[in-house]
Amino acid sequence: MIPQQDCSPQDWQTQLRDVIRSGEELLQYLQLQAAQTGFSQLASQDFPLKVPRAFAQRMRKGDPADPLLRQVLASGRELLVAPGFGHDPVGETGDAIRQPGIIQKYHGRVLLILTGGCAINCRYCFRRHFPYQQHQQSHAEWLQALEQIAADSSITEVILSGGDPLLVSDGQIRQLLERLAGIPHVQRVRVHTRLPVVIPERVTPALLQTLGATPLDAVVVIHANHANELDSDVAAAMHRLRAAGVTVLNQAVLLAGVNDNAQTLVELSERLFQSGVLPYYLHLLDKVQGAAHFDVSTDRARTLHSAISAQLPGYLVPRLVRDIPGHAAKVSIASDATAGVTMEEAR
Ligand SMILES: *Cc1c(COP(=O)(O)O)cnc(C)c1O
Ligand code: SF4
């Protein structure tokens with residue numbers, strides 16, 4: 001059963017063990033019939049359904065079009081093969097890999113893959129095909145990764161990624177940050193995580209202590225796509241991160257049927273700010289096989305971005321970007337900012 005909201009929350013590990021893994025259970029809880037929603041058991045065999053209960057509690061009961069439900073419910077549309085949607089849309093299995101567990105595509109920043117797992121399985125994610133087995137770290141490989149960072153003085157920022165890096169224990173995060181802080185040219189540590197959104201109890205006192213105590217500048221980039229994901233528990237967790245001195249940013253993905261209208265995007269930015277978080281990126285979908293039904297055309301994305309720019313202060317407008325292999329940074333897609341990118345690439 002889904003616990004009542006007024007019960008004291010369980011710790012994050014307990015919630016993680018108790019995630020919903022059955023479409024039938026999720027739909028029953030939401031008082032929906034499978035036929036209303038397009039749910040497909042077959043699609044969930046490929047990439048399992050996985051939803052923390054704290055996230056399911058924020059869905060509207062009886063609404064098959066709920067924007068949170070659509071992000072996680074395995075749909076028959078995932079089984080359609082769409083031209084242009086592949087298995088490695090962002091070029092992370094080729095040259096970008098320096099060694100298992102380290103990806104570098106951009107100057108000064110390396111991405112450390114701490115784990116392949118996530119607390120939630122988002123249906124639009126390119127991770128559904130990522131070969132994480134090749135990134136399983138032995139202790140020796142970890143030391144090697146840290147040595148590589150230590151040997152390259154151009155690296156000023158280390159991004160902990162995954163999967164979701166906050167699946168690893170507070171003790172491991174603390175050890176890793178201590179090691180990184182010992183490398184003179186590393187100035188910043190950044191954590192890319194959706195866990196504090198889907199299970200806010202992940203922001204533990206020990207994590208706050210570690211992020212607050214590190215001499216590195218600490219940045220946490222969360223991932224929320226809709227204002228309904230940000231309830232008072234999430235806001236409280238974000239304010240605790242802020243109070244510990246952490247800069248908190250959000251990245252969202254523009255998703256058809258979830259957040260592809262201006263009012264929804266405005267509400268997301270406003271709710272983020274109320275929760276202590278600044279919008280950072282609004283990503284165009286990575287063209288991954290199985291996610292074509294979430295795609296929003298580049299023209300429509302530009303129109304939406306102009307519309308929210310006209311309604312919000314500049315600091316609440318996320319940068320509209322696409323990850324295009326071979327570029328020196330995420331490619332800005334909005335209005336006149338596409339200099340240097342062919343129209344073909346931007347599309
Ligand atoms: C997106 C990404 C980054 C971070 O890019 P920023 O523009 O600094 O947020 C770093 N490394 C890789 C491989 C990425 O895909
Ligand atoms: S990597 Fe992020 S988007 Fe992908 S499944 Fe995990 S939490 Fe969701």
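Ligands are counted one by one from 1 in listed order, and the atoms in each one are counted from 1 as well.
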Check your understanding: Given side chains that start at C-beta, do those of V51 and V19 come closer than 4.5 Å, heavy atoms only?
Key -> no
Check your understanding: What atoms of ligand 1 come within less than 4.0 Å of a heavy atom belonging to Y281?
Key -> 6 (P), 7 (O), 9 (O)
Check your understanding: Under a single-linkage definition using a 4.5 Å side-chain heavy-atom cutoff for Ile, Leu, Val, Met, Phe, Trp and Tyr, are V186 and I173 assigned to the same hydrophobic cluster?
Key -> yes
Practice item. Name the option, out of R109, Q251, H283, R319, that contains the heavy atom nearest to atom 6 (P) of ligand 1. Key: R109
Study note, to complete from the structure: The option among R190, K330, K105 carrying the non-hydrogen atom nearest to atom 2 (C) of ligand 1 is K330
Review point. Are D170 and T204 close enough, and set up right, to give a side chain to side chain donor-acceptor pair (under 3.5 Å), and what steps lead you there?
Key: CA-CA 8 Å; D170 286 331; T204 58; 2.8 Å; yes
Check your understanding: In Å, rounded to the nearest 0.5 Å, how long is the span from OG of S297 to CG of D260?
Key -> 9.5 Å
Point to revise | Proximal atoms of ligand 1 relative to Y280 (non-hydrogen, under 4.0 Å) | key: 6 (P), 7 (O), 8 (O), 9 (O)
Review point. Short list, please: which atoms of ligand 1 are under 4.0 Å from a heavy atom of I103?
Key: 13 (C)
Review point. Side chain, backbone, both or neither: which part of C118 has a heavy atom under 4.0 Å from ligand 2?
Key: side chain
Exercise for review: Decide, counting backbone as well as side-chain atoms, whether C125 has an N, O or S atom less than 2.8 Å from atom 6 (Fe) of ligand 2.
Suggested key: no
Check your understanding: For ligand 1, is there an atom lying under 4.0 Å from some heavy atom of Q104?
Key -> no
Check your understanding: Near L111, which atoms of ligand 1 are under 4.0 Å from a heavy atom of that residue?
Key -> 10 (C), 11 (N), 12 (C), 13 (C), 14 (C)
Check your understanding: Would a distance-only check, ignoring hydrogens and angles, find a side-chain to backbone donor-acceptor pair under 3.5 Å from E25 to R21?
Key -> no
Practice item. Select one of side chain, backbone, both or neither to describe which atoms of I159 lie under 4.0 Å from any atom of ligand 1, heavy atoms only. Key: side chain
Point to revise | Contact summary for T37 and P64, nearest pair of heavy atoms | key: CG2-CB, 4.0 Å
Practice item. Run the contact test for I120 against ligand 2 with a 4.0 Å cut-off on heavy atoms, strictly below, and give the result. Key: yes
**Study point:** Flag side-chain contact, heavy atom, 4.5 Å: V189 against L160
**Key:** yes
Revision key, fill the gap. Result for side chain to side chain donor-acceptor pair (under 3.5 Å) between E78 and one of Q289, H293, R128 points to R128
**Study point:** Taking every non-hydrogen atom, the tightest pair across I308 and V317
**Key:** O-CG2, 4.3 Å
Check your understanding: With a 4.0 Å heavy-atom cut-off (strictly under), which part of R188 contacts ligand 1: side chain, backbone, both or neither?
Key -> neither
Check your understanding: If you measure every N/O of Y106 against every N/O of ligand 1, is any gap under 3.5 Å?
Key -> no
